[in-house]
Amino acid sequence: MPIFGGSSDSEDERTMHQPTKLFNRQRSIHSIFGGGKFADILLWREPKIAATLVIGVSLLWFLMEVVEYNFITLVCHASMTSMLLFFIWSTASDFLNWERPIIPEVVLDESSFKELATRFHDRFNQFLSKLHDLACGRDPPLFFLTTISLYILSIIGTCVNFMNLLFIGFVSMQTLPVMYVIYEDDVDRVASKFMRTMRKLYRKVDSNVLSKIPRGTVRSKKHN
């Protein structure tokens, strides 16, 4: 008896022209990312903030990887430069009747940290729950896809240092979601075809290999 009780080939043919959402999601991408300011930035609904983040992180990566700045050295030089500029500006404003520099106060209240910690806790629990479902074999095609993806990521990790990997991850996080929203129908169509191909491949492996593996019989205990 096949292990995987998925849809048959006839069902795949019937759903050929009915592409499902990526990862069978039921909510919009904006709501999946929390539906707040964070989601607006990822989906470029706040273009100024998103562009500033991309430019800032790209500049930081350039200084640390291309110019080969040490992180502590970079922070110290940036602090000294900022202090020097503010000192010159403040001193010159007394002689040239300029407006003195105004440093905005950034106040992070306790609720912001609690909200951030709560969201991280919820996302981490969802990740662990999904990982548990995959490990238990509840979605074999996605299990194999995840295993292959982790293996590819491990190979990339041996070739790319941690800073470059973080930069690639940040750029991907800032580009892939908005690109998916723009080309959602095309991506869902291709993903549906790929998942059907994976299910067919798994059924072949199941019928030709896995179902032929001998299994021991389970003896029932006798009750007096």
Side-chain angles (χ1 to χ4, degrees), residues 28-131 146 148-182:
S28 64
I29 296 295
H30 188 266
S31 61
I32 289 176
F33 285 129
K37 193 79 171 182
F38 179 73
D40 292 338
I41 295 174
L42 284 182
L43 298 178
W44 287 76
R45 297 185 179 181
E46 297 284 347
K48 292 183 179 180
I49 300 177
T52 302
L53 281 176
V54 172
I55 294 173
V57 173
S58 300
L59 180 61
L60 180 63
W61 172 84
F62 177 81
L63 292 174
M64 296 189 65
E65 289 298 317
V66 180
V67 184
E68 296 184 352
Y69 251 110
N70 181 275
F71 180 74
I72 297 179
T73 304
L74 178 62
V75 172
C76 293
H77 285 182
S79 300
M80 288 188 297
T81 304
S82 300
M83 292 174 61
L84 181 60
L85 289 176
F86 277 106
F87 175 77
I88 295 175
W89 189 354
S90 300
T91 304
S93 62
D94 295 334
F95 297 97
L96 302 177
N97 293 326
W98 290 352
E99 183 180 357
R100 298 181 65 86
I102 299 175
I103 302 177
E105 294 184 1
V106 180
V107 179
L108 297 178
D109 54 356
E110 185 179 356
S111 60
S112 300
F113 285 101
K114 287 184 177 180
E115 182 181 0
L116 181 62
T118 301
R119 287 191 177 183
F120 176 78
H121 178 264
D122 294 339
R123 299 304 180 193
F124 188 72
N125 283 340
Q126 291 176 3
F127 172 76
L128 291 181
S129 178
K130 190 64 176 180
L131 194 63
T146 304
I148 295 173
S149 301
L150 290 175
Y151 177 72
I152 294 175
L153 185 61
S154 67
I155 295 177
I156 295 175
T158 60
C159 303
V160 182
N161 62 33
F162 185 67
M163 179 60 66
N164 287 335
L165 195 60
L166 282 180
F167 178 69
I168 293 173
F170 175 81
V171 173
S172 300
M173 185 176 64
Q174 283 294 123
T175 55
L176 294 182
V178 67
M179 293 297 292
Y180 172 72
V181 171
I182 296 174

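Numbering of residues begins at 1 and proceeds along the displayed sequence.
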**Request:** Evaluate the ring planes of His77 and Tyr69, with Trp represented by its six-membered ring, and classify them as parallel (under 30°), tilted (30 to 60°) or perpendicular (over 60°).
**Result:** perpendicular
**Whether over 12 other heavy atoms sit under 6.0 Å from Met83 CE** = no
**Prompt:** How far does CD1 of Ile156 sit from CG of Asn164, to the nearest 0.5 angstrom?
**Reply:** 12.0 Å
**Prompt:** Can you name the nearest heavy-atom pair linking Val57 to Phe167, along with the distance?
**Reply:** CG1-CD1, 3.9 Å
**Request:** Kindly say whether Asn125 contributes a backbone atom to a donor-acceptor pair with the side chain of Ser129 at under 3.5 angstrom?
**Result:** no
**Asked** Trp44 side chain to Gln174 main-chain N or O, any donor-acceptor pair under 3.5 Å?
**Response** yes
**Message:** Run the side-chain contact (heavy atoms from CB on, under 4.5 Å) test on Leu60 and Leu74 for me, step by step, so that the C-alpha distance in whole Å, both residues' side-chain angles and the decisive distance to 0.1 Å come before the verdict.
**Reply:** CA-CA 9 Å; Leu60 180 63; Leu74 178 62; 3.2 Å; yes
**Message:** Counting neighbours of CG on Leu59 that are heavy atoms of other residues, nucleotides or ligands and sit closer than 6.0 Å, is the number greater than 12?
**Reply:** yes
**Asked** About how many Å separate CG of Leu153 and CG of Leu165, when rounded to the nearest 0.5 Å?
**Response** 6.5 Å
**Request:** Work out which heavy atom in Val178 is nearest to a heavy atom in Leu43; give both atom names and the distance.
**Result:** CG2-O, 3.8 Å
**Request:** Using modelled atom types only, decide if a donor and an acceptor are shared between the side chain of Thr158 and the backbone of Ile155 within a distance under 3.5 Å.
**Result:** yes
**Message:** So which atom in Ser172 and which in Pro177 form the shortest heavy-atom distance, rounded to 0.1 Å?
**Reply:** O-CD, 3.5 Å
**Asked** Rounded to the nearest 0.5 Å, how far apart are CE of Met64 and OG1 of Thr73?
**Response** 9.5 Å
**Prompt:** Is it the case that more than 12 heavy atoms not belonging to Met163 sit under 6.0 Å from its CE atom?
**Reply:** no
**Message:** Run His30 and Leu42 through side-chain contact (heavy atoms from CB on, under 4.5 Å) and show every step you take.
**Reply:** CA-CA 9 Å; His30 188 266; Leu42 284 182; over 6 Å; no
**Asked** CG/Asn70 to CG/Leu63 distance, rounded to the nearest 0.5 angstrom?
**Response** 12.5 Å
